[in-house]
There are 2 protein chains.
Amino acid sequence: MGSVEDRFGVTTVLRAPSAVAARPRLGGASWPDEPRRGRKKRQTRDALIDAALDLFEAKGYEHTAVREITDAVDVAERTFFRYFANKEDIALFFVRREMDQFVDALGARPARETPLTAVRNAFRQTLEQIQADSYLRNGEPRYLAVIKLIDSTPALLAASLRFIYDNGDKGVDVLAERENVDPGSDKRPWLLIAIYGAVMALVHRDWRTHGQGGAEAMLALFDAYADQLAPTIAGRWRPSVG
Amino acid sequence: MGSVEDRFGVTTVLRAPSAVAARPRLGGASWPDEPRRGRKKRQTRDALIDAALDLFEAKGYEHTAVREITDAVDVAERTFFRYFANKEDIALFFVRREMDQFVDALGARPARETPLTAVRNAFRQTLEQIQADSYLRNGEPRYLAVIKLIDSTPALLAASLRFIYDNGDKGVDVLAERENVDPGSDKRPWLLIAIYGAVMALVHRDWRTHGQGGAEAMLALFDAYADQLAPTIAGRWRPSVG
DNA sequence: TCAGTTTATGTCATAGTCTGACATTTAGCA
DNA sequence: TGCTAAATGTCAGACTATGACATAAACTGA
């Protein structure tokens, strides 16, 4: 394993058996127009993610060394850290993307919608998007496997909670702007932080168990939580049942 | 810094100037009856915590090596990891203790109190306990410095959020038992998870800025959040303003 | 097609976290 | 005083992460 260098400085890399076969896993170019450099980057990144998730699922997050991931894809360990800030980062890749999608979707909801309605619809959109993007792996969608992985790995759970916490602010900013709430004022929708943070955390918590049911089950879950919070929100925001 | 080893294998450890002076920092035995062995353990642990927080405050969490902490207390690096599971652990020491106090206090609240009232009172008790336990350091209570440290260190924030998340379950279990809610049922107080998780997380978020005002300011903050959630709770639980 | 530039990777060295195994010291006690 | 167990020290090593520099590959323009 690793590399051997002879006295003339010629380095022979000793590859894992599956090394060469691993790289083209995600196949051809998604965008043929894209210059080859960027295409290869994307391929390498996707291959790293794919290999990482496979290994995480097979042997657990903590028991998978970065070295094993890079060996599987046949790149240098250093390369991993050029694509991802740290080991957590690669596991939370999808989470981060989905969160961004959610905030974007929230910002794009029509102004006539109640905050809660907007959140709900943005949530649905994101769920559908996730399902459309995800592909099956061992008979189960990749995103579900990721959720399970995170839920069962303390370090990842912590990181993803912080992520939700941080993004809660972003989401609330979007909502506050929609509702013309002065950013500095006391009227800033603290409650929505609560909805956002709590519901998201709770939904995440139950995703593992209810996730099999797909977007519908998740939406039902969301509604169950939101219904309980709705009266309070309705008292302070323009009421409307979505 | 560190150690120097000559060609005969003799290792000379280069200690920080304050090394020897650091150990007796927390002075004599708190419980003279306690056997010396346990007393020394406690002293070492406290000295480690104290040195760690000093260093974290001075140069930041990430830029403080475990080695520096152990040098300051004049123990082996290995010893650190016998007292604390990891570097995070020492920074969250107080958080963990305070959370435990809170859950205990919650369980001890009289049954006649509404869940929200019980949470509030347990929260107050804990705050007062924290203030009583904490001592000034550079003119500011230690616990406040810890809060600031956590808030400004991503890794610590993540860990403490997970801690809140995990303990939320514990707290809700306590509440569910108080209210005779069947643990498995749908009547399980989801809302209280929300209160617990959201309010606690939010309070934590504002602790840094409002913490100067002491327990009163924190309680006011808690009330501000709780007031908004109260109507919802009141609709589903026995109402009572406390 | 070639030379020059930029970008992605490889390679090497190193700091820092954390763990296991074993040796040494210390407290508590017969 | 000597035995026992607990605490700590010592040593080796795996793993994560980063900086510095070298090399290879992809682009650019003539």
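A, B, ... follow the sequence lines: proteins, then strands. Residue 1 opens every chain. As the structure is a computational prediction, the values presented were derived from the model and not from experiment. FYI, side chains are in, hydrogens and waters are out, and symmetry mates aren't considered; it's all heavy atoms of this structure.
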Can you tell me how far P of D:dA26 sits from CD of A:Gln43, to the nearest Å? 11 Å

Report yes if at least one side-chain N or O of B:Lys40 is closer than 4.0 Å to OP1 or OP2 of C:dA27; otherwise report no. yes

Measure from CD on A:Glu88 to C1' on D:dT16 and round the result to the nearest Å. 11 Å

Those residues that, when tested against B:Ile147, pass side-chain contact (heavy atoms from CB on, under 4.5 Å) (two or more places apart): B:His204, B:Trp207

Here the distance between atom P of C:dT7 and atom CZ of A:Arg42, to the nearest Å, is 17 Å

Sequence neighbours left out, what passes side-chain hydrogen bond (donor to acceptor under 3.5 Å, both in side chains) with B:Asp133? Give chain and number order. B:Gln129

Over how many whole Å does the gap from A:Glu77 atom CD to C:dA13 atom C1' extend? 13 Å

Using a cut-off of strictly less than 4.0 Å, decide whether B:Tyr83 has a side-chain nitrogen or oxygen near OP1 or OP2 of D:dT8. yes

Which nucleotide in the list D:dT16, C:dG10, D:dG9 gets nearest to the side chain of B:Val75? D:dG9

Does B:Arg78 or A:Lys87 map to a spot on DNA chain D nearer the 5' end, using the closest nucleotide for each? B:Arg78

Can you see if the side chain of A:Thr44 gets near the phosphate of C:dA8 - specifically, an N or O under 4.0 Å from OP1 or OP2? no

Can you name the atoms? Protein N/O to nucleotides 22-24 of chain C N/O, anything below 3.5 Å, with the distance.
none

Would you tell me if any nitrogen or oxygen in the side chain of B:Thr79 comes within less than 4.0 Å of OP1 or OP2 on D:dA7? no

Return the set of residues passing side-chain contact (heavy atoms from CB on, under 4.5 Å) with A:Glu62 (not counting sequence neighbours), or none when no residue passes. A:Thr153, A:Pro154

For B:Phe84, which residues count as a ring pair (Phe, Tyr, Trp, His ring centres under 6.0 Å) partner, sequence neighbours excluded? B:Phe80

Write down the distance between CZ (B:Phe81) and P (D:dG13), rounded to a whole number of angstrom. 19 Å

Distance check needed: D:dA17 C1' versus A:Ile69 CD1, whole Å only. 14 Å

Interatomic distance, B:Arg67 CZ vs D:dG9 P [rounded to whole Å]: 12 Å

Does a donor on one side chain and an acceptor on the other come within less than 3.5 Å for A:Gln131 and A:Tyr143? yes

Not counting sequence neighbours, which residues clear side-chain hydrogen bond (donor to acceptor under 3.5 Å, both in side chains) with B:Glu88? List them please. none

Nearest-angstrom distance from the residue atom CZ of B:Phe84 to P of C:dG16: 20 Å

